[in-house]
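Report on the following structure.
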Amino acid sequence: MRMNTYLLSLSGGLLIGASAVMLLLLNGRIAGISGIVGRLAQGIGLTTNLAFVLGLLLGPIVYMLAFGGFPAAEITVGWPLIIVAGLLVGFGSRMGSGCTSGHGVLGLATLSRRSMAAVATFLTAGVVAVATLRGLSI
């Protein structure tokens, strides 16, 4: 049973990587979700950006149909903290000129120094946030 969890994660990672590589090779675009959603909101590259976002939204539905339900997930914090966290992620992705998907998937693969610094910052901030929240028992 435990190996199935890893295989699903591996499959998901392979699909993310394959879609990022396809977008790069076929359209010359980096698969950074914040950039794709930003361009979609601005009306730039509607067909490609809309197809990518629809694929993201339809992915969980395909998973549910394939496996008979969604994986178990438990959210243990309230909506105020979730909203603040979401706003901080959005602010950080604008400040960092990209999000974890663009920097982490393709930025690292292309050995971008800027992406290496961004991913190191993401990971460090995540570790500090978790340590802080656990220390405060939130």
Side-chain angles (χ1 to χ4, degrees):
M1 185 69 155
R2 196 160 173 78
M3 185 51 106
N4 287 339
T5 302
Y6 295 117
L7 291 176
L8 288 174
S9 299
L10 176 63
S11 299
L14 290 172
L15 288 171
I16 290 170
S19 66
V21 168
M22 285 175 28
L23 187 64
L24 182 63
L25 292 177
L26 298 175
N27 290 4
R29 304 292 310 170
I30 297 290
I33 306 309
S34 61
I36 289 171
V37 171
R39 285 189 297 278
L40 181 61
Q42 294 172 359
I44 300 169
L46 284 175
T47 305
T48 302
N49 294 324
L50 184 60
F52 204 92
V53 170
L54 284 176
L56 290 173
L57 296 174
L58 292 175
I61 295 168
V62 172
Y63 180 94
M64 182 187 68
L65 293 173
F67 296 102
F70 294 115
E74 183 180 345
I75 299 174
T76 59
V77 297
W79 281 106
L81 186 57
I82 292 171
I83 291 168
V84 169
L87 291 171
L88 287 172
V89 167
F91 177 75
S93 72
R94 291 294 287 172
M95 181 185 250
S97 298
C99 58
T100 52
S101 56
H103 285 300
V105 175
L106 284 173
L108 292 181
T110 58
L111 302 177
S112 164
R113 284 190 270 166
R114 185 176 91 177
S115 290
M116 289 179 198
V119 170
T121 302
F122 296 154
L123 291 175
T124 302
V127 168
V128 169
V130 168
T132 302
L133 292 175
R134 284 191 178 165
L136 297 173
S137 297
I138 294 178

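Bear in mind the structure is a predicted one, so any value in this text is a computation, not a measurement.
At least one donor-acceptor pair closer than 3.5 Å links the side chain of Ser93 to the backbone N or O of Gly90.
The distance from atom CE of Met116 to atom OG1 of Thr110, rounded to the nearest 0.5 Å, is 8.0 Å. Ser115 OG to Ile30 CD1: the interatomic distance, rounded to the nearest 0.5 Å, is 8.0 Å. How far CG of Leu14 is from OG of Ser9: 11.0 Å, rounded to the nearest 0.5 Å. In this structure, the separation between CZ on Arg29 and CG on Asn49 is 7.5 Å, given to the nearest 0.5 Å.
Linking Ile, Leu, Val, Met, Phe, Trp and Tyr residues whenever their side-chain heavy atoms come within less than 4.5 Å places Leu46 and Leu50 in a single cluster. Both Trp79 and Val77 are part of a single hydrophobic cluster, where members link through side-chain heavy atoms under 4.5 Å apart. Under the 4.5 Å side-chain contact rule for hydrophobic residues, Leu57 and Leu23 share a cluster. Ile44 and Leu40 fall into different hydrophobic clusters, defined by Ile, Leu, Val, Met, Phe, Trp and Tyr side-chain heavy atoms under 4.5 Å apart, directly or through other members. Each of Leu88 and Val119 belongs to its own hydrophobic cluster when Ile, Leu, Val, Met, Phe, Trp and Tyr are linked at side-chain heavy-atom distances under 4.5 angstrom.
In this structure, His103 and Ser97 approach most closely via the heavy-atom pair NE2-O, 3.6 Å. For the pair Gly69 and Tyr63, the tightest heavy-atom approach, listed with the atom from each and the gap, is O-CE2, 3.3 Å. Ala31 and Leu106 make their closest contact through N-CD1, 3.6 Å (heavy atoms, listed as atom of the first residue, atom of the second, distance). Considering all non-hydrogen atoms of both residues, Val37 and Val53 come closest at CG2-CG2, 4.1 Å. Shown here for Ile75 and Ile82, the closest heavy-atom pair between the two residues is CG2-CD1, 3.6 Å.
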**OP:** Take Thr121 and Thr124, measure what side-chain contact (heavy atoms from CB on, under 4.5 Å) needs, and give me the verdict at the end.
**Re:** CA-CA 5 Å; Thr121 302; Thr124 302; 5.8 Å; no
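Counting heavy atoms from C-beta outward, Leu87 and Phe91 have side chains that stay 4.5 Å or more apart.
With sequence neighbours excluded, no residue forms a ring-ring contact (aromatic ring centres under 6.0 Å, His included) with Phe70.
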